[in-house]
Number of protein chains: 2
Amino acid sequence: MTEIFQALFAPASVAVIGASDNPNKVGGRPIHYMRHFGYAGEVFPVNPGRTTIQGYRAYPTLHDIGRAPEAAVIAVSGDATLEQVRLCAEAGVRAAVIMASGFAETGEAGRRRQQQLVDAANAGGMRLVGPNAQGTANFASGAVLNFSTMFMEVTPQDGPVAIISQSGAASVMPYALLRQAGLGVRYLVATGNDADLDACAMTAAVAGDPEVRLILVYLESITDPAALARAAALARSRGASIVAVKAGSSQHGARAAASHTGALVGNDAAIDAFLARHGIWRARDIGELVRAVPLYLQGHVPGQGRTVVMSHSGAVGVMSADLAERHGLPLAALQPSTLDRLGAILPEFGTAGNPLDMTAALMGKGDMFPRVLDTLGADPQADMLMVGIPVAGPGYDVEALARDAAAFSSRLGKPLVASAPQQNVRAAFVRHGVPTFVTEADAVAALAQYAGHARLAGAAAEPEVEPEAGWPALQPLDGIGLQDEARSLTLLAEAGVPVVPYRCCANADDAVAAFAALGGGAVVVKGCAAEVPHKSEHGLVHLRLADAPAVAQAAEACLATLRSLGVASPRVVVASMVRGRHEFALGVSVDPVFGPLVMIGEGGTLLELRKDVVTLLAPFTVADVKAACARLRLAPLFNGYRDIPVLDLDALAASAVALGNWALRHRGTLKSVDINPLMVMAAGDGVVAVDAVVELQGA
Amino acid sequence: MTEIFQALFAPASVAVIGASDNPNKVGGRPIHYMRHFGYAGEVFPVNPGRTTIQGYRAYPTLHDIGRAPEAAVIAVSGDATLEQVRLCAEAGVRAAVIMASGFAETGEAGRRRQQQLVDAANAGGMRLVGPNAQGTANFASGAVLNFSTMFMEVTPQDGPVAIISQSGAASVMPYALLRQAGLGVRYLVATGNDADLDACAMTAAVAGDPEVRLILVYLESITDPAALARAAALARSRGASIVAVKAGSSQHGARAAASHTGALVGNDAAIDAFLARHGIWRARDIGELVRAVPLYLQGHVPGQGRTVVMSHSGAVGVMSADLAERHGLPLAALQPSTLDRLGAILPEFGTAGNPLDMTAALMGKGDMFPRVLDTLGADPQADMLMVGIPVAGPGYDVEALARDAAAFSSRLGKPLVASAPQQNVRAAFVRHGVPTFVTEADAVAALAQYAGHARLAGAAAEPEVEPEAGWPALQPLDGIGLQDEARSLTLLAEAGVPVVPYRCCANADDAVAAFAALGGGAVVVKGCAAEVPHKSEHGLVHLRLADAPAVAQAAEACLATLRSLGVASPRVVVASMVRGRHEFALGVSVDPVFGPLVMIGEGGTLLELRKDVVTLLAPFTVADVKAACARLRLAPLFNGYRDIPVLDLDALAASAVALGNWALRHRGTLKSVDINPLMVMAAGDGVVAVDAVVELQGA
């Protein structure tokens with residue numbers, strides 16, 4: 001951890017400016033918390049009106065302390081904040097938490113005042129958390145520079161979890177849920193407006209603590225993707241995990257974009273792709289954020305996630321199988337020898353299978369359960385176990401079940417969870433350290449997340465090559481706004497995407513000459529003007545023209561239509577007719593934060609209705625494209641389907657990779673690319689871009 | 001309630017055969033429960049070895065009681081059960097619960113033994129619950145003919161909920177969750193093997209109790225759809241609701257079926273359609289089964305479900321908006337006058353909108369919250385409210401918030417829920433009767449279910465017309481198995497589906513004559529043989545034939561190919577070429593339990609990959625078809641899209657209705673119908689079935 005984070009999380013001394021003797025005021029709570037939660041450093045309350053505050057000597061001003069505290073909490077009102085930031089920075093304070101609101105969240109004037117805070121702090125070498133921040137807390141050191149009332153109600157306890165959030169409320173909600181479940185939390189940080197040290201930087205900071213096993217993150221915007229990527233790499237490098245809620249997806253459904261790709265992709269797909277690439281699991285809400293925490297903290301290896309469901313109720317098995325299918329959790333296909341052995345152990349009405357119905361006899365016989373566990377443990381197909389206890393009562397030795405389950409899980413290092421609606425049954429399993437859930441639905445969801453996250457983290461990219469280092473320098477593209485078809489096809493050919501043979505012509509004679517030059521086969525004639533991207537709606541596409549008079553007539557018609565639409569220099573594209581085995585679409589939408597997102601999917605005019613698309617964040621590999629394409633509904637086409645032969649996925653993937661790399665090089669000036677259709681041929685015969693629109697930034 | 005159900009749920013006397021003095025034995029628990037849970041009738045333990053059992057006089061045999069008990073629990077082993085059933089029936093017992101297992105669930109021999117039980121009982125006018133049943137319980141009367149250990153652990157209390165389940169475990173899981181949340185349950189029935197009185201009949205029985213507001217049902221098979229439909233109608237008629245888990249959907253993903261429709265539809269779609277038609281909400285697991293119970297019990301009217309989210313945290317608003325979108329819960333568009341009034345009430349940094357950010361000031365000011373509620377209450381757009389309390393502590397008057405929220409909800413009769421991660425905050429809201437959840441996710445899901453269920457129940461069919469009464473009697477279709485194309489098209493034309501003009505020919509000369517008879521326009525020639533349903537895979541489809549020689553050549557080729565495939569009497573279909581504006585598919589799969597399911601979706605060879613289909617359970621109306629088609633991804637086509645004109649949805653719907661009614665009439669002999677493509681024309685131009693396979697039962 002850098003010195004700055006040392007200054008926030010384990011400072012030798014903390015000044016609280018705007019300190020209050022009342023522990024229920026914003027300026028009183030941090031003092032109260034440090035006093036009660038074991039902070040061993042010095043606390044300097046600053047308040048001109050008092051000599052002592054909550055038992056500490058108080059100082060009229062920061063200057064009166066006589067030396068620089070390492071950290072400061074600035075808990076004065078918004079108007080007075082700038083002056084205090086300046087004084088702290090001048091005095092040599094290393095880091096300060098700014099609690100006042102009324103800055104960037106209120107509009108442009110507030111944003112300017114906020115920048116003044118940052119400038120004043122940084123001028124003196126001081127870093128800021130906030131403004132509008134609930135603040136930081138380290139419950140290991142007791143340094144609680146945080147005014148949440150939550151810690152009054154739900155007592156902190158150190159543990160291997162860190163919570164980093166842009167929102168105060170979203171920082172304490174998972175805290176409350178974890179603490180009420182008896183789990184410890186070390187760091188709790190609510191960064192507010194992220195003017196200087198932001199939530200991404202804080203995540204990177206706590207990722208460096210070797211005792212942190214799991215970082216829970218709440219973000220409404222990803223202000224510094226590179227810092228978050230570094231945090232993820234650091235966490236992965238030592239086996240720690242990051243689970244994040246990125247809220248606000250409903251506002252990102254679709255961007256108002258000229259490009260079909262932009263409309264289909266939306267910003268949220270960029271966030272999904274970014275988080276997945278870095279091995280960060282995306283939870284959709286606070287419940288999902290905390291649900292699998294006990295599994296992460298236990299840290300057993302989920303293998304391929306093949307799960308055995310066992311219960312003394314057939315219904316639990318049936319429901320769990322439904323749930324496993326819904327969550328994509330594979331049920332283990334137990335080996336025949338395992339089933340034989342289970343058959344010998346189980347009573348008459350039991351079912352040796354998966355789900356495994358042990359019948360009520362499970363509860364009475366002391367050694368049946370451990371024998372079943374041992375048998376399952378010897379089967380390499382069984383990666384994880386779920387034990388459903390829908391009911392227990394007199395005659396059920398729940399304590400023994402819990403003990404046996406916990407012992408099995410520790411001994412083999414295999415994840416095992418229990419579910420039980422009865423509070424006292426859950427309590428027994430929790431006492432023995434078994435991750436325990438109220439419903440099968442939660443248990444299955446937690447196992448699916450845990451196994452899925454391990455897979456994601458295993459496939460996560462090595463620390464991303466900075467585009468500046470790994471790729472040719474950013475190259476500007478000439479032009480602004482929509483490019484006409486001829487220019488678009490030229491650009492794509494430069495990018496390395498195979499394009500249809502074509503000529504661009506300004507009159508019918510040239511069009512006829514182009515028809516001959518293209519070999520005399522059937523051609524398409526299309527109007528070509530940047531102002532008219534949607535050609536078919538204006539009758540500007542003439543297909544299957546097989547002789548010169550037809551070409552001339554089509555060219556004249558297009559040119560006349562373009563003139564009538566106000567195009568000053570109308571032209572036509574004459575292109576060979578190409579017929580693929582299926583029409584795909586390939587596109588790019590350049591996200592201002594994450595860079596180019598490449599979309600691949602079924603093409604044609606119904607692209608946006610069928611929405612059978614996948615997206616990839618550039619740069620990516622051919623293998624990445626193939627893995628993504630396997631998620632398309634039309635994926636079976638790539639292996640041949642009915643009368644459609646095996647399609648050329650290699651060529652499709654190569655074009656997507658080339659397009660992604662090209663978009664990355666030009667991401668400063670490129671806005672979007674729509675190739676629709678991209679004709680995909682039979683394996684070995686390649687792909688051809690037939691129709692394309694490139695949009696550059698500006699205009 | 002009929003006398004039989006009176007005999008089970010409020011009998012004057014109960015014999016327990018195989019009674020035990022040990023309350024932890026199967027034959028001891030019902031006695032223990034009746035003794036402790038207020039049963040006022042007589043209890044007759046039957047056990048040849050004892051004179052008293054649990055304080056009751058015991059009888060060596062049923063006969064020794066000297067008169068017929070109204071109900072009996074038969075808790076002897078499987079082998080001894082039949083004799084006891086016989087004795088009970090002969091003695092005049094009205095209804096008996098059979099607890100022993102080892103019957104139909106073990107295979108064919110067990111099924112025969114089970115039928116003997118039913119026959120023996122019914123011969124004496126006695127009805128059975130079970131075998132393999134945990135039994136029945138009525139906690140209002142204290143008649144607990146049930147051996148679950150759960151009631152030892154989680155004490156019963158009467159309330160307006162009934163739980164009916166085929167599984168014992170699945171009956172007590174929701175019971176435990178509800179009771180631990182302080183909610184009362186009146187009926188709890190686990191029916192086991194459903195040999196006589198089944199879960200559907202039990203649901204109908206408890207639906208007749210005017211004090212039951214909500215029935216929770218767990219089913220693994222729907223053994224008597226008509227009884228469940230009657231239960232649903234009865235419940236709806238008095239404003240009670242049914243929520244059901246139908247487990248085992250993962251086994252029903254797709255039937256092994258020759259027809260594409262059968263493969264696409266699966267059995268689970270039939271269940272969805274059946275439950276929806278009868279206003280029964282389908283929950284996917286036990287957690288969902290109980291989640292919205294407090295809303296049902298409160299019974300406020302959800303209107304159109306337009307919800308206002310309010311919190312003192314912006315993050316809760318952002319997350320709730322995401323969740324609302326995910327669950328299809330509409331956020332209320334508040335009226336401008338409401339927003340003006342809210343703006344005047346809220347503090348500086350609050351946001352008068354929806355979600356409504358009241359800031360932390362909410363917690364301090366005594367009258368802000370009720371004023372906000374009053375303002376929202378006056379807005380007819382605000383149907384339901386959700387209050388998110390992510391954190392509370394000193395200075396927060398949670399009690400007042402809970403009281404104000406509860407008063408508002410009762411006064412206006414509008415559903416209002418709270419969510420809070422802190423246990424003590426939830427407790428305050430629960431004390432005031434506010435439905436309360438741990439996470440926003442659960443709160444939003446519960447509201448979405450409650451409003452969605454009200455919509456479903458409002459649209460539910462009137463008690464279904466029995467097909468026997470409302471439709472022409474079942475008419476058998478001649479033939480078995482797959483029908484060739486000519487017969488298939490003939491049948492569909494009879495059904496009322498427009499089919500392409502065609503002729504069926506046995507040689508090339510006839511084919512040429514047919515070409516002329518069809519008007520001389522382009523035709524298609526297809527091989528016609530029931531044995532070869534997948535024509536295109538054998539090169540048996542020749543399109544766009546415009547002259548007699550081409551027709552003759554195609555016919556010869558098809559006939560030769562069919563001969564080479566072993567078809568004894570090969571024929572060809574000569575049909576006019578029809579080109580629609582888009583290719584749809586229309587199909588039927590006759591479910592053995594629910595009858596014909598009609599599928600409508602995008603057609604073409606990629607039908608089964610694109611899976612853009614909806615299903616309807618026959619009979620249904622044109623309006624039902626239109627509502628279902630609005631859920632297709634391609635729904636925008638029906639209003640015109642790009643260069644595709646408005647399509648003839650009226651004709652598509654009319655064909656679907658006709659096909660559904662025809663399938664209903666012939667459901668005894670029809671197995672499936674695949675029409676693909678069904679060419680859909682521009683509005684007013686109709687639809688045409690171009691290619692079809694009808695499959696009849698048998699072979």
Side-chain angles (χ1 to χ4, degrees), chain A residues 24 101 148-150 152-154 167-170 172-173 176-177 180 218 220 245 247-250 284-287 313-316 318-319 321-323 325-326 349 390-396 421-424 438-442 536-537 605-606 609-612 633-634 636 641-643, chain B residues 24 101 106 148-150 152-154 167 169-170 172-173 176-177 180 218 220 245 247-250 284-287 313-316 318-319 321-323 325-326 349 390-396 421-424 438-442 536-537 605-606 609-612 633-634 636 641-643:
Chain A
N24 284 320
S101 51
S148 176
T149 58
M150 183 61 89
M152 296 283 189
E153 301 276 301
V154 179
S167 148
V172 294
M173 291 167 79
L177 294 172
Q180 290 171 157
Y218 174 89
E220 293 184 2
V245 169
S249 59
S250 55
R284 294 177 302 175
D285 54 68
I286 299 294
S313 150
V316 168
V318 174
M319 282 190 284
D322 289 353
L323 288 160
E325 182 178 271
R326 197 194 319 158
F349 302 129
V391 54
Y396 290 64
Q422 280 164 274
Q423 203 283 325
N424 56 337
V438 177
T439 62
E440 294 80 29
D442 280 345
S536 59
E537 291 170 19
T605 52
L606 302 183
L609 298 186
R610 290 189 178 126
K611 291 193 181 72
D612 187 18
R633 286 193 294 270
L634 289 194
Y641 182 79
R642 303 260 162 106
D643 54 348
Chain B
N24 286 320
S101 51
T106 63
S148 176
T149 59
M150 182 61 89
M152 296 281 188
E153 301 275 300
V154 178
S167 148
V172 293
M173 292 168 78
L177 295 171
Q180 289 171 158
Y218 173 89
E220 293 184 2
V245 169
S249 60
S250 54
R284 293 177 302 175
D285 54 69
I286 299 293
S313 150
V316 168
V318 174
M319 283 190 285
D322 290 351
L323 289 160
E325 183 177 272
R326 198 194 319 158
F349 302 129
V391 54
Y396 289 64
Q422 280 164 273
Q423 203 283 326
N424 56 338
V438 177
T439 63
E440 294 80 30
D442 280 344
S536 58
E537 291 169 20
T605 52
L606 303 183
L609 298 186
R610 290 191 179 124
K611 292 192 180 73
D612 187 17
R633 287 194 294 270
L634 289 194
Y641 181 79
R642 302 260 164 105
D643 54 349

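Predicted, not measured: the structure shown is a model, and the values here were computed from it. Letters A, B, ... mirror the listed sequences (proteins, then strands); counts begin at 1.
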Gap separating the [atom1] atom of [X] from the [atom2] atom of [Y], nearest 0.5 angstrom:
X	Y	atom1	atom2	value
A:Thr439	B:Met173	OG1	CE	7.5 Å
B:Asp322	A:Asp285	CG	CG	9.5 Å
B:Lys611	A:Arg633	NZ	CZ	9.0 Å

Over all heavy atoms of both residues, which pair between [X] and [Y] is shortest? Give the atoms and the distance, please.
X	Y	answer
A:Val318	B:Ala247	CG1-CB, 3.6 Å
B:Tyr641	A:Thr605	CE2-O, 3.4 Å
B:Glu153	A:Pro394	OE2-CD, 3.7 Å
B:Leu609	A:Pro636	CD2-CG, 3.5 Å

Quiz item: Would a 4.5 Å heavy-atom cut-off, applied to side chains only, mark B:Ser148 and A:Val391 as touching?
Solution: yes

Quiz item: Does some side-chain heavy atom of B:Gln422 sit less than 4.5 Å from a side-chain heavy atom of A:Val154?
Solution: yes

Quiz item: Under the 3.5 angstrom rule, does the side chain of B:Gln423 hit a backbone N or O of A:Gln180 as a donor-acceptor pair?
Solution: no

If I measure from the heavy atoms of chain A, does [X] come under 4.5 Å with its side chain, its backbone, both, or neither?
X	answer
B:Arg326	side chain
B:Asn424	side chain
B:Asn24	side chain
B:Met152	side chain

Quiz item: Of all of B:Glu440, B:Glu537, B:Arg284, which one pairs up most often with chain A through heavy atoms under 4.5 Å apart?
Solution: B:Arg284

Quiz item: In terms of heavy-atom pairs under 4.5 Å, which option from B:Arg610, B:Met150, B:Met319 contacts chain A the most?
Solution: B:Arg610

Quiz item: Relative to chain B, which of A:Ala315, A:Ala169, A:Gly168 shows the most heavy atom pairs under 4.5 Å?
Solution: A:Ala315

Quiz item: Any idea which of A:Leu606, A:Asp643, A:Asp612, A:Val172 has the most non-hydrogen atom pairs under 4.5 angstrom with chain B?
Solution: A:Leu606

